[in-house]
Amino acid sequence: MLRRIFPRSCAVGASRLGGAGALVALLPLLAAPALAAQSAQDDPYGNWTGRLVTDRGACPDQTDSVLQIQSDRLVFSPGTGALTLRGHPDADHKRFHAQLRLTDASRRPLPMVFEGRPDGDAIAGVFGTPTCRAHIVMTRTASHPWSNLIGR
């Protein structure tokens, strides 16, 4: 069977290394399940990115938003990156809530809220302000695969 999958490498490995050549040829296949992404509920820690999709109003949907989850805090930065909403993850990782409360020029409250939940290997959420409502699906960042592998 190995010769069908790796015809050249098994023949060379088997002749030079004996049974060890077959093991070396199978290592990438054996390691693949270990590197598979865990669900967002089982391992939410790390950096997540996605683009807001405006449902109503004017939202910062031109650039990616970032969600960073650590064991004791979470930070959501909507599209522009100029503001950060802060919160704390719940113990069972079923809900991610972050908020920022500012005041506008007329001294009225200007709340900003992100509410997310695990959705398979992604985090789905809603971002809202008095002038914006948007939804988002965030995935783990690909720029730091080792950090994502160990959940940081």
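Positions are given from 1 along the sequence.
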Open item on the list: Pair His97, Glu115 - check side chain to side chain contact (heavy atoms under 4.5 Å, CB included), show working.
Closed with: CA-CA 5 Å; His97 176 86; Glu115 190 74 35; 2.6 Å; yes
Open item on the list: Restricting to non-hydrogen atoms, name the atom on Asp43 and the atom on Trp48 that form the minimum distance, rounded to 0.1 Å.
Closed with: O-CZ2, 4.1 Å
Open item on the list: I need the minimum non-hydrogen distance between Cys59 and Thr54, along with the two atoms involved.
Closed with: CB-OG1, 3.3 Å
Open item on the list: Could you check whether any side-chain N or O of Asp119 sits under 3.5 Å from a backbone N or O of Ile123, counting only pairs where one atom can act as donor and the other as acceptor?
Closed with: no
Open item on the list: How long is the straight-line distance from CG of Asp104 back to OG1 of Thr129, given to the nearest 0.5 Å?
Closed with: 11.5 Å
Open item on the list: Please enumerate all residues that pass side chain to side chain contact (heavy atoms under 4.5 Å, CB included) together with Leu83, with sequence neighbours excluded.
Closed with: Leu100, Leu102, Met112
- [ ] Keeping to residues at least two apart or across chains, list the disulfide bond (SG atoms under 2.5 Å apart) pairs with something in residues 71-117.
- [x] none
Task: Minimum side-chain heavy-atom gap Phe76-Phe96 below 4.5 Å - done: no
Open item on the list: Let's go through Arg101 and Leu110 carefully: what are the C-alpha distance in whole Å and the side-chain angles of both, what is the deciding distance for side chain to side chain contact (heavy atoms under 4.5 Å, CB included) to 0.1 Å, and is it a yes or a no?
Closed with: CA-CA 6 Å; Arg101 187 175 209 96; Leu110 180 63; over 6 Å; no
Task: Sequence neighbours excluded, every pair satisfying salt bridge (charged side-chain N to carboxylate O under 4.0 Å, His left out) that has a member inside residues 56-81 - done: Arg51-Asp64
TODO: With the side chain counted from C-beta on, respond yes when Leu52 and Arg133 share a heavy-atom pair under 4.5 Å apart, and no when they do not.
DONE: no
TODO: Before giving the answer on side chain to side chain contact (heavy atoms under 4.5 Å, CB included), spell out for Gln99 and Arg86 the whole-Å C-alpha distance, their side-chain angles and the decisive distance to 0.1 Å.
DONE: CA-CA 6 Å; Gln99 63 185 18; Arg86 299 184 185 279; over 6 Å; no
TODO: Assign the ring pair His93 / Tyr45 to parallel, tilted or perpendicular, where the plane angle (0 to 90°) is split at 30° and 60°.
DONE: perpendicular
Open item on the list: Could you tell me if the side chain of Lys94 sits less than 4.5 Å from the side chain of Gln41, heavy atoms only?
Closed with: yes
- [ ] Measure across Gly81 and Ser77 and return the closest heavy-atom pair with its distance rounded to 0.1 Å.
- [x] CA-OG, 3.2 Å
Open item on the list: Determine whether a donor-acceptor pair (N or O, by modelled atom type, separation under 3.5 Å) exists between the side chain of Ser65 and the backbone of Gly79.
Closed with: yes
Task: Within-4.5 Å side-chain heavy-atom neighbours: Asn47 and Leu67 - done: no
Open item on the list: For Ser71 versus Pro89, what's the shortest heavy-atom pair and its separation?
Closed with: O-CG, 3.8 Å
TODO: Could you check if a side-chain atom of Leu74 sits within less than 4.5 angstrom of a side-chain atom of Gln70, using non-hydrogen atoms only?
DONE: no
Task: Phe114 versus Gly125, closest heavy-atom pair with distance - done: CE1-CA, 4.1 Å
